[in-house]
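Model, not experiment: these values are computed from the prediction.
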Amino acid sequence: MKKWIVLTCTLLLFLAGCAGGQESSESGQEEKKENEKVTVVLDWTPNTNHTGLYVAEEKGYFKEEGLDVEIIMPGESGADQLVASGKADFGVSYQESITQARVQGVPLVSIAAVIQHNTSGFASPAEKNITSPKDFAGKTYGGWGSPVEKSVISSLMSQEKANVEDVSIVNMGDTDFFTAVKRDVDFAWIYYGWTGIEAELRGEKMNMVYLTDYSKNLDYYTPVLATNEKKLESNPEQVKKFLKAVSKGYQFAIDNPSEAADSLMKAAPDLDQELVKKSQEWLASRYQDDAPRWGEQKQEIWANYANWMYENKLLEKQLDAKAAFTNDYLPE
């Protein structure tokens, strides 16, 4: 009798344990469901334009919003194509490419400006003596084969009564800037926050002709974070959660550039530590700059650049600037 009681108790305890385990398992499944899987595709290899994303990941800001975020490289398809097709939820893009995409009926939408003002320009070694657009004449420009490049160069040169036809334009592909200007070209288009800072660290004197010094129409948002119209319609709450976490990530990078750089380097340990730190310091004050909050965009900026593209025959028709971007999903 005692043995039967012991066996019965043992069986009841075993069943209770199984039930508890099942409950725990179900609870775990519920917890997993709460963390929505989200994919973000970069425009290029990891760099300080992306720091806010990596900070949000490492500091747990995404998890706080119930998101399980995977940051991936673009591959051959490119970020815009993956986001437009819905194969990625969000991506790092540019006002230039979204403008062209939307005019062609591709439903990409910019949801946040990573940097408030265009920090790009034409760079050249100091010994080339290129200090203004008129000095491009008789020189060789190394680009990536986009018709936008020639139009931008022409726009700047015409202000100084110089002719873009006097510039030799070649495609340098993925050739490193520093290699290219020593071997094949005289100047190239760079982001100062990365390649310019690298030149400083190398001790290589360089001249910069910034686009924004010559035209307000070329002060566009580059880079931006983008998604597609379907995502905005079908899951607006996810977009808000994503941007809330990312905004915290970039705000952290603004306030703590050195520590934010550490977050980036943990995710991409092959990056040059000194370059990342210096670049992060340079960008810290430029992420938000004069905007009321990080990420905010102006319709005027979208319209100015689109009008410039249209006037330069780079667009088939006018852009509906209001539909190309939104501030509605940024945290207040």
Side-chain angles (χ1 to χ4, degrees), residues 42-50 73-74 78 92 94 96-97 114-115 117-215 218-220 222-223 268 270-283 286 312 314:
L42 301 182
D43 57 324
W44 196 245
T45 53
N47 58 64
T48 45
N49 283 344
H50 312 134
M73 300 299 116
V92 179
Y94 312 90
E96 310 101 286
S97 60
V114 174
I115 302 169
H117 294 284
N118 188 351
T119 62
S120 73
F122 296 106
S124 59
E127 61 268 21
K128 305 277 187 182
N129 296 315
I130 301 173
T131 58
S132 72
K134 69 178 185 296
D135 298 327
F136 296 161
K139 301 293 194 301
T140 299
Y141 166 74
W144 59 89
S146 168
V148 171
E149 297 168 276
K150 185 173 182 179
S151 292
V152 170
I153 294 170
S154 176
S155 180
L156 269 56
M157 291 182 74
S158 63
Q159 293 183 43
E160 298 189 337
K161 297 182 171 51
N163 193 337
V164 70
E165 298 305 326
D166 293 331
V167 180
S168 174
I169 298 177
V170 301
N171 190 339
M172 69 179 194
D174 294 331
T175 307
D176 170 72
F177 169 80
F178 298 99
T179 302
V181 293
K182 284 182 172 64
R183 190 182 67 192
D184 307 311
V185 306
D186 297 304
F187 67 108
W189 197 344
I190 70 162
Y191 285 100
Y192 192 85
W194 191 258
T195 308
I197 298 299
E198 185 176 357
E200 286 183 19
L201 293 172
R202 286 168 171 248
E204 299 193 20
K205 292 184 179 179
M206 191 171 71
N207 289 326
M208 277 291 292
V209 175
Y210 288 101
L211 275 59
T212 52
D213 287 344
Y214 293 88
S215 173
L218 297 178
D219 188 12
Y220 49 81
T222 178
D270 291 338
L271 292 175
D272 181 278
Q273 182 174 343
E274 191 178 10
L275 172 57
V276 171
K277 291 277 188 180
K278 288 286 287 184
S279 172
Q280 201 64 65
E281 287 172 14
W282 192 86
L283 276 176
R286 291 170 172 84
N312 282 274
L314 295 167

request  = Please determine which of W144, Y141, Y210 meets the ring-ring contact (aromatic ring centres under 6.0 Å, His included) test together with W189.
outcome  = W144

ask   = Which of these passes side chain to side chain contact (heavy atoms under 4.5 Å, CB included) with I197: E274, Q280, R202, K278?
value = K278

ask   = Is atom CD of Q159 surrounded by more than 12 heavy atoms (other residues, nucleotides or ligands) closer than 6.0 Å?
value = yes

key: Heavy-atom side-chain contact between M206 and I190 under 4.5 Å   = yes

ask   = Roughly how far apart are T140 OG1 and F187 CZ, rounded to 0.5 Å?
value = 8.0 Å

request  = To the nearest 0.5 angstrom, please state how far the CG atom of D135 sits from the CD1 atom of I130.
outcome  = 7.0 Å

ask   = Between D219 (side chain) and H117 (backbone), is there a donor-acceptor pair under 3.5 Å?
value = no

note = Minimal heavy-atom distance between A162 and K134, with the atoms involved, is CB-CA, 3.9 Å

key: ring-ring contact (aromatic ring centres under 6.0 Å, His included), paired with Y192, selected from F177, W282, F122   = W282

query = Short question: side chain of E160, backbone of L156 - any donor-acceptor pair under 3.5 Å?
reply = no

task = Would you sort out whether K277 and E281 count as a salt bridge (Lys or Arg N to Asp or Glu O under 4.0 Å), showing the intermediate values?
result = CA-CA 6 Å; K277 291 277 188 180; E281 287 172 14; over 6 Å; no

query = Taking the side chain as C-beta and beyond, is there a heavy-atom pair between T48 and L275 under 4.5 Å?
reply = no

remark   = Closest non-hydrogen atoms of G142 and A188, given as atom of the first, atom of the second and distance, are O-CB, 3.6 Å

ask   = Taking side chain as C-beta onward, heavy atoms only, is I115 less than 4.5 Å from L283?
value = yes

ask   = Is a side-chain donor or acceptor of N312 paired with a backbone partner of L314 at a separation under 3.5 angstrom?
value = no

request  = Begin from the C-alpha positions of E200 and K205 and carry the test salt bridge (Lys or Arg N to Asp or Glu O under 4.0 Å) through to its verdict.
outcome  = CA-CA 7 Å; E200 286 183 19; K205 292 184 179 179; over 6 Å; no

inquiry  = When you compare the side chain of D186 with that of V181, does any pair of heavy atoms fall below 4.5 Å?
reply    = no

ask   = Can you tell me if S158 uses its side chain to pair, donor with acceptor, with the backbone of S154 under 3.5 Å?
value = yes

OG1-CD distance between T222 and E96, expressed to the nearest 0.5 angstrom = 4.0 Å

key: Nearest-0.5 Å distance that lies between atom CD in E204 and atom NZ in K182   = 3.5 Å

query = Below 4.5 Å, heavy atoms only, C-beta onward: do S132 and V209 meet side chain to side chain?
reply = no

message = If I take atom CG from residue D176 and atom CG from residue D174, how far apart are they, to the nearest 0.5 angstrom?
response = 10.5 Å

inquiry  = For V92, is there any backbone N or O sitting under 3.5 Å from a side-chain donor or acceptor partner on D43?
reply    = no

request  = Take L218 and T212 through the side-chain contact (heavy atoms from CB on, under 4.5 Å) test and state the conclusion after the steps.
outcome  = CA-CA 6 Å; L218 297 178; T212 52; 5.9 Å; no

Considering all heavy atoms, the nearest N47-T45 contact = ND2-O, 3.1 Å

inquiry  = Show the nearest heavy-atom pair for residues R286 and T119, with the distance to one decimal.
reply    = CD-CG2, 4.3 Å

Backbone N/O of A180 and side chain of D184: donor-acceptor pair under 3.5 Å = no

ask   = Is a donor on one side and an acceptor on the other found under 3.5 Å between the side chain of D166 and the backbone of F136?
value = no

request  = Would you please test V167 and K150 for side-chain contact (heavy atoms from CB on, under 4.5 Å) and show each step?
outcome  = CA-CA 9 Å; V167 180; K150 185 173 182 179; over 6 Å; no

Gap separating the CG atom of N118 from the OH atom of Y191, nearest 0.5 angstrom = 7.0 Å

remark   = Shortest non-hydrogen pair, A268 vs P46, comes out as CB-CB, 3.9 Å

key: Heavy-atom check, side chain of H50 versus side chain of V114, under 4.5 Å   = no

